[in-house]
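These notes concern the structure reproduced below.
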Amino acid sequence: MRSAAIYFSMLQAPRGSIHGLANFCWESFRNISCSHVNSSSLKPLASKYGVQGGYRRRWIRRPMTTKTGGRNKTNQAAKPSNLVRKIVDEKVSTSTALDLNKADETSKHQQIQYCGIKQMIAENKDLADLVTFIIYDTETSGLSRKDDRIIEIALQDLAGGENSTFQTLVNPGCYVANSHIHGITSNMVCRRDVPRMEELIPILLQFIKSRQKPGGYVLWGAHNSFAFDLPFLINEFSRCSYEIPPNWLFMDTMSLARELMKSGGSNLPSGISLQALREHYKIPLVGSAHRAMSDVRTLSMILQMLTFDLKLTLPNLVTRSFTAFEYVNNKRKKS
């Protein structure tokens, strides 16, 4: 039986506000900007194997509890809010899963309704408050979506608070050919104590559920997401016979960088890469570039600057997002 050290980090900082993005998101951005260099405590995440500990230990099953803003939130099934029920007329269930390969007519109908919810969020502040904003990044064994695998994944909930980050290596079961890019070698991940993706996905789903607001939606953001991170994530879920929840929305921050470059002005970044944006905004590099959590923390701060410069709100970002269902369909139409 495999085990792994999968960690949450606990990030706490005073609240603040910045013009532009919805308060809960912007307050978190300021928290990250002020405290990302501080060391944070770590504790293991409960897995389905149930054992507690790090390497070479088993894990014990226990409920996952987070604490944000001084209040405890335990991962329990919560009923969707009355507002959401009213808007979607009780026809959409947040527990409905997306089958990317063989979606029947019912699931397609539900997907269409979830796609329509983006516009509702853009027009309704109360719905926008139900969005959980996750910044994520993946590292892979190579560039082939078909043959290569995710070897590291990191996430950060911009709401902050305890257990707001998730990070782990992933055993790809194959040779890592591009270790020169991220520094992750085959010996680091092809081990019995590093989880395979089929073992990790239930834990990842549990983490997201613990951060998600009752009856809410999850907005995932990554840099170059549509060309890299999202296709790999979709393929890994499909390969492991798991379904991406239809209330997960995905956006690509690279498109925001392109908007900024097209806006003109005298003070523009030299390019749209994460490194160019980090240097433009004078954000210090913490950790190694091209490692998942380092890139997540960097992007969290870059996103603050980009949305401020472009005067974007959270609903603006939601309208730029896609469900996995939409993404796959758009790719099929173009091919």
Side-chain angles (χ1 to χ4, degrees), residues 5-9 11 28-40 42 133-145 148-158 160 164-172 175-190 194 220-233 236 250-258 260-261 267-309:
I6 305 173
Y7 294 105
F8 288 131
S9 95
L11 174 62
S28 305
F29 279 143
R30 177 165 286 185
N31 295 345
I32 294 165
S33 298
C34 296
S35 62
H36 79 282
V37 295
N38 296 333
S39 59
S40 54
L42 301 174
F133 202 161
I134 300 288
I135 297 297
Y136 77 108
D137 186 69
T138 61
E139 303 299 336
T140 64
S141 61
L143 299 179
S144 171
R145 302 172 190 174
D148 288 304
R149 300 285 181 261
I150 291 175
I151 59 174
E152 187 180 38
I153 186 167
L155 299 81
Q156 181 166 28
D157 180 355
L158 294 185
S164 61
T165 64
F166 179 100
Q167 174 185 21
T168 183
L169 293 173
V170 185
N171 187 339
Y175 176 69
V176 179
N178 61 342
S179 58
H180 61 284
I181 295 177
H182 40 58
I184 303 173
T185 65
S186 299
N187 290 337
M188 292 171 62
V189 292
C190 294
V194 176
W220 294 66
H223 205 63
N224 202 26
S225 173
F226 293 158
F228 189 80
D229 300 273
L230 180 54
F232 269 97
L233 195 64
E236 291 283 21
F250 297 87
M251 64 159 293
D252 192 337
T253 56
M254 188 170 283
S255 64
L256 303 183
R258 291 192 180 99
L260 182 63
M261 295 293 286
N267 185 24
L268 294 175
S270 60
I272 60 174
S273 69
L274 201 65
Q275 179 178 344
L277 293 170
R278 180 181 62 80
E279 292 173 352
H280 172 70
Y281 289 120
K282 296 179 173 57
I283 297 171
L285 177 64
V286 178
S288 302
H290 297 296
R291 287 301 299 266
M293 184 51 74
S294 176
D295 286 354
V296 162
R297 293 192 184 280
T298 297
L299 181 57
S300 296
M301 290 179 283
I302 287 174
L303 182 59
Q304 171 187 342
M305 307 300 184
L306 283 173
T307 52
F308 183 86
D309 287 345

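Only a predicted model underlies this, so the values are computations on that prediction, with no experimental measurement involved.
Across all their heavy atoms, L274 and T298 have their closest contact at CG-CG2, 4.3 Å.
To the nearest 0.5 Å, atoms CG (D309) and CG (L260) are separated by 5.5 Å. Here the CD1 atom belonging to I302 is positioned 11.0 Å from the CD atom belonging to Q304, to the nearest 0.5 angstrom. Interatomic distance, CZ of F232 versus CD1 of I153, reported as 12.5 Å (0.5 Å rounding). Taking CG of L306 as the reference point, atom CG of L277 lies at 5.5 Å (rounded to 0.5 Å). Here CD1 of I150 is found 12.0 Å from CZ of R145. Values are rounded to the nearest 0.5 Å. Atom CG of L303 is separated from atom CZ of F133 by 5.0 Å, given to the nearest 0.5 angstrom.
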Scan the side chains in residues 284-296 for donor-acceptor partners under 3.5 Å anywhere in the protein, sequence neighbours excluded, and list what turns up.
from, atom 1, to, atom 2, distance (Å)
R291, NE, E152, OE1, 3.0
R291, NE, E152, OE2, 3.4
R291, NH2, E152, OE2, 2.9
S294, OG, V286, O, 2.8
S294, OG, S288, O, 3.2
D295, OD1, H290, N, 3.3

Atom pairs and distances, donor-acceptor, side-chain atoms in residues 222-229, under 3.5 Å, two or more places apart:
from, atom 1, to, atom 2, distance (Å)
H223, ND1, T253, OG1, 2.8
H223, NE2, I272, O, 2.7
S225, OG, Y136, OH, 2.9
D229, OD1, T138, N, 3.0
D229, OD1, T138, OG1, 2.7

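With a 4.5 Å cut-off on side-chain heavy atoms, I135 and W220 do not count as touching. In this structure, the side chains of S270 and H280 stay at 4.5 Å or more apart for every pair of heavy atoms.
A donor-acceptor pair under 3.5 Å is formed between the side chain of S186 and the backbone N or O of V176. Looking only at distances, a side-chain donor or acceptor of H182 sits under 3.5 Å from a matching main-chain atom of T140.
Side-chain atoms of Y175 and D148 include no donor-acceptor pair closer than 3.5 Å. The closest side-chain donor-acceptor pair between T165 and Q156, if any, does not fall under 3.5 angstrom.
Residue pairs satisfying the salt bridge (charged side-chain N to carboxylate O under 4.0 Å, His left out) criterion with at least one member in residues 268-290, sequence neighbours excluded, are absent.
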Step-by-step side chain to side chain contact (heavy atoms under 4.5 Å, CB included) determination, D137 to L299: CA-CA 9 Å; D137 186 69; L299 181 57; over 6 Å; no

